[in-house]
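The next block holds one structure in the form of structure tokens; read it before the comments.
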There are 2 protein chains.
Amino acid sequence: MDAETRALERPVDHKREVRLWLRLLTCTTLIENEIRRRLRRDFDVTLPRFDLMAQLEKAPDGMTLGEVSRRMMVSNGNVTGLVERLAAQGLLERAPNPSDRRATLIRLTPEGRRNFARMARAHEGWVAELFAGLSPPQGETLMDLLARAKHSAAAACE
Amino acid sequence: MDAETRALERPVDHKREVRLWLRLLTCTTLIENEIRRRLRRDFDVTLPRFDLMAQLEKAPDGMTLGEVSRRMMVSNGNVTGLVERLAAQGLLERAPNPSDRRATLIRLTPEGRRNFARMARAHEGWVAELFAGLSPPQGETLMDLLARAKHSAAAACE
DNA sequence: GCGAATTATTTTATGCTTAAAGCATCCGGT
DNA sequence: ACCGGATGCTTTAAGCATAAAATAATTCGC
């Protein structure tokens, strides 16, 4: 049985796409693990807490939990717990939302802002270091292709 | 103060690299969450369990926990727990390693293999669907750039 | 206004994940 | 043969993450 016959009889295989997905995942995990490790080592902070603070930094007037949860692509309950712990550390605070009593606003405290500013500076340097092997044009191309992949995946998620 | 002067006085900024990293992370998380959701919906299995079974599939004669842990890029203790749960489901089994009594070999049971084969077929289709928006040459380019990014990051991790 | 459907958050149960400490086994140098 | 260091795994404590159910407030249609 030749290759052409096999191709007609068997369902199409998608080994290339799977290899691409595995490489994307490996690459991301590698970088994510390293950033996680450095955040713990230098600032004694976890990546989820850093990510949450990064979201709040962009909204000086505060943000609802739901908004944070959508942007971080994690569940609601997850954010509740993270906010709990960061508030206990005095890095963020909850404020009642006058226009909707269901939704609490959260925002960084001044200490949270100072704290995040230091971490963000280091973080930026680390990321640049980790991607140093890519030239600017390669970085641009990668950005574009990832945008395509993102749209493609978003479409497939309905 | 013009742009050139600012560039000389302030530390270099790396906004481009950070944007690239965030896009890489968003893209991966989007796809990963969707695959996780579908695995749960159609096969009532978690992604980590699927990933572990995928590793074992490639080693019919069995693999040590340490080997699995390195390949999956997760901690030793994590694998211990996953193996525990998959063994309880009858999907994998432990076998003593005659040449090293510290290291246990694990391998899929026949049921585990059948089970995984079904899931892998669906998984392959999902991945192809999620990446359908990329042409084959674009996929190739993305593969290459991710390989570069991976080597770059690996170098920065020492 | 009233009630039903929707939206925002929290709670609960379960599972994943890590770092660090501990135990068992193996290996190399003496 | 022994001992010290390395290796493989498990345990522990804490934190992260989800889905599903519960609670509370809002909004919409009538």
Side-chain angles (χ1 to χ4, degrees), chain A residues 25 28-30 32-53 55 62-89 91-92 94-106, chain B residues 25 28-30 32-53 55 62-89 91-92 94-106:
Chain A
L25 186 56
T28 303
T29 304
L30 180 64
E32 191 174 357
N33 281 349
E34 181 66 12
I35 290 177
R36 196 185 297 274
R37 202 178 65 76
R38 294 187 186 190
L39 280 174
R40 173 173 300 279
R41 183 193 60 189
D42 294 354
F43 301 105
D44 195 33
V45 75
T46 64
L47 184 53
R49 290 185 201 192
F50 175 80
D51 287 343
L52 175 39
M53 293 177 79
Q55 292 299 329
M63 216 175 196
T64 67
L65 296 195
E67 184 64 18
V68 171
S69 139
R70 269 186 300 278
R71 288 182 195 244
M72 292 179 71
M73 299 198 286
V74 299
S75 67
N76 278 346
N78 189 356
V79 174
T80 297
L82 281 171
V83 166
E84 193 68 38
R85 288 182 284 269
L86 280 170
Q89 288 186 271
L91 299 175
L92 64 76
R94 303 170 213 237
N97 186 340
S99 69
D100 185 341
R101 278 182 303 167
R102 291 170 305 180
T104 319
L105 288 174
I106 52 176
Chain B
L25 186 56
T28 303
T29 304
L30 180 64
E32 191 173 358
N33 280 349
E34 180 65 11
I35 290 177
R36 196 186 298 276
R37 201 178 65 77
R38 294 186 186 192
L39 280 174
R40 173 174 300 279
R41 184 193 60 188
D42 294 354
F43 301 105
D44 195 32
V45 74
T46 64
L47 183 54
R49 292 186 199 191
F50 175 80
D51 287 343
L52 175 39
M53 293 178 78
Q55 292 299 330
M63 215 175 196
T64 66
L65 297 194
E67 184 66 16
V68 171
S69 137
R70 271 187 299 278
R71 287 181 195 244
M72 291 180 72
M73 300 197 285
V74 299
S75 68
N76 277 347
N78 189 355
V79 174
T80 296
L82 282 172
V83 166
E84 193 68 38
R85 288 182 284 268
L86 281 170
Q89 288 185 270
L91 299 175
L92 65 75
R94 303 169 213 240
N97 185 341
S99 69
D100 187 340
R101 278 181 302 166
R102 292 170 305 179
T104 319
L105 288 174
I106 53 177

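None of these values were measured; they are calculated from a predicted model. The sequence lines fix the lettering, A, B, ..., with proteins before strands; numbering per chain opens at 1.
Considering only side-chain N and O atoms, B:Arg40 lies nowhere under 4.0 angstrom from the phosphate OP1 or OP2 of D:dA17.
With rounding to the nearest 0.5 angstrom, the CD atom of A:Glu32 is 8.5 Å from the OG1 atom of B:Thr28. We find the CG-CZ distance between B:Asn33 and B:Arg38 to be 12.5 Å, quoted to the nearest 0.5 Å. In this structure, the separation between CG on B:Leu105 and CD on B:Glu67 is 11.0 Å, given to the nearest 0.5 Å. Summarising the geometry, atom CZ belonging to A:Arg37 is positioned 11.5 Å from atom CZ belonging to A:Arg40; distances are rounded to the nearest 0.5 Å.
Taking both residues in full, the closest heavy atoms of A:Met63 and A:Gln55 are given as SD-O, 4.0 Å, listed atom of the first, atom of the second, then distance. Across every non-hydrogen atom of B:Met73 and A:Leu30, the tightest pair is CE-N, 4.1 Å. Closest of all the heavy-atom pairs between A:Thr64 and A:Ala103 is CG2-CB, 3.9 Å.
For DNA chain D, the neighbouring residues in residues 64-75 of chain B, judged by any heavy atom under 4.0 Å, are B:Thr64, B:Leu65, B:Gly66.
Spacing between atom CG of A:Asn33 and atom P of C:dA19 amounts to 8 Å, rounded to whole angstrom units. The nearest whole Å value for the distance from the CG atom in A:Leu39 to the P atom in C:dA19 is 13 Å. If you take CG of A:Leu105 and C1' of C:dA8, they are 12 Å apart, rounded to a whole angstrom. B:Glu84 places its CD atom 12 Å from the C1' atom of D:dC9, with the value rounded to the nearest Å. Atom CD1 in A:Ile106 sits about 14 Å away from atom C1' in C:dT10, given to the nearest Å. As a whole-Å value, the separation of A:Asn76 CG from D:dA22 P is 17 Å.
In this structure B:Arg101 satisfies the side-chain hydrogen bond (donor to acceptor under 3.5 Å, both in side chains) test with no other residue, sequence neighbours excluded.
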Using the 3.5 Å cut-off, write out each protein N or O paired with an N or O of nucleotides 12-16 of chain D and the distance between them.
| residue | atom | partner | partner atom | Å |
| --- | --- | --- | --- | --- |
| D:dC16 | OP1 | A:Thr46 | OG1 | 2.7 |
| D:dC16 | OP1 | A:Arg49 | NE | 3.1 |
| D:dC16 | OP2 | A:Arg85 | NE | 2.1 |
| D:dC16 | OP2 | A:Arg85 | NH2 | 2.6 |

Please produce a list of atom pairs where a protein N or O lies less than 3.5 Å from an N or O of nucleotides 21-27 of chain C.
| residue | atom | partner | partner atom | Å |
| --- | --- | --- | --- | --- |
| C:dT25 | O2 | B:Arg102 | NH1 | 3.3 |
| C:dC26 | OP1 | B:Arg101 | N | 2.8 |
| C:dC26 | OP2 | B:Arg101 | NH2 | 3.2 |

Identify all side-chain donor-acceptor contacts of residues 43-50 of chain A below 3.5 Å with residues at least two apart in sequence or on another chain.
| residue | atom | partner | partner atom | Å |
| --- | --- | --- | --- | --- |
| A:Thr46 | OG1 | A:Arg49 | N | 3.4 |
| A:Arg49 | NH1 | A:Gln89 | OE1 | 2.8 |

Quiz: residues 80-88 of chain B side-chain donor-acceptor pairs under 3.5 angstrom, not counting sequence neighbours:
| residue | atom | partner | partner atom | Å |
| --- | --- | --- | --- | --- |
| B:Thr80 | OG1 | B:Asn76 | O | 3.4 |
| B:Glu84 | OE1 | B:Arg94 | NH2 | 3.0 |

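Nucleic acid contact class of B:Arg94 (heavy atoms, under 4.0 Å, all strands): sugar-phosphate only.
The residue among A:Thr104 and A:Arg37 whose nearest nucleotide of DNA chain C lies closer to the 5′ end is A:Thr104.
A:Ser69 contributes a side-chain N or O that, together with a main-chain N or O of A:Val74, makes up a donor-acceptor pair within less than 3.5 Å.
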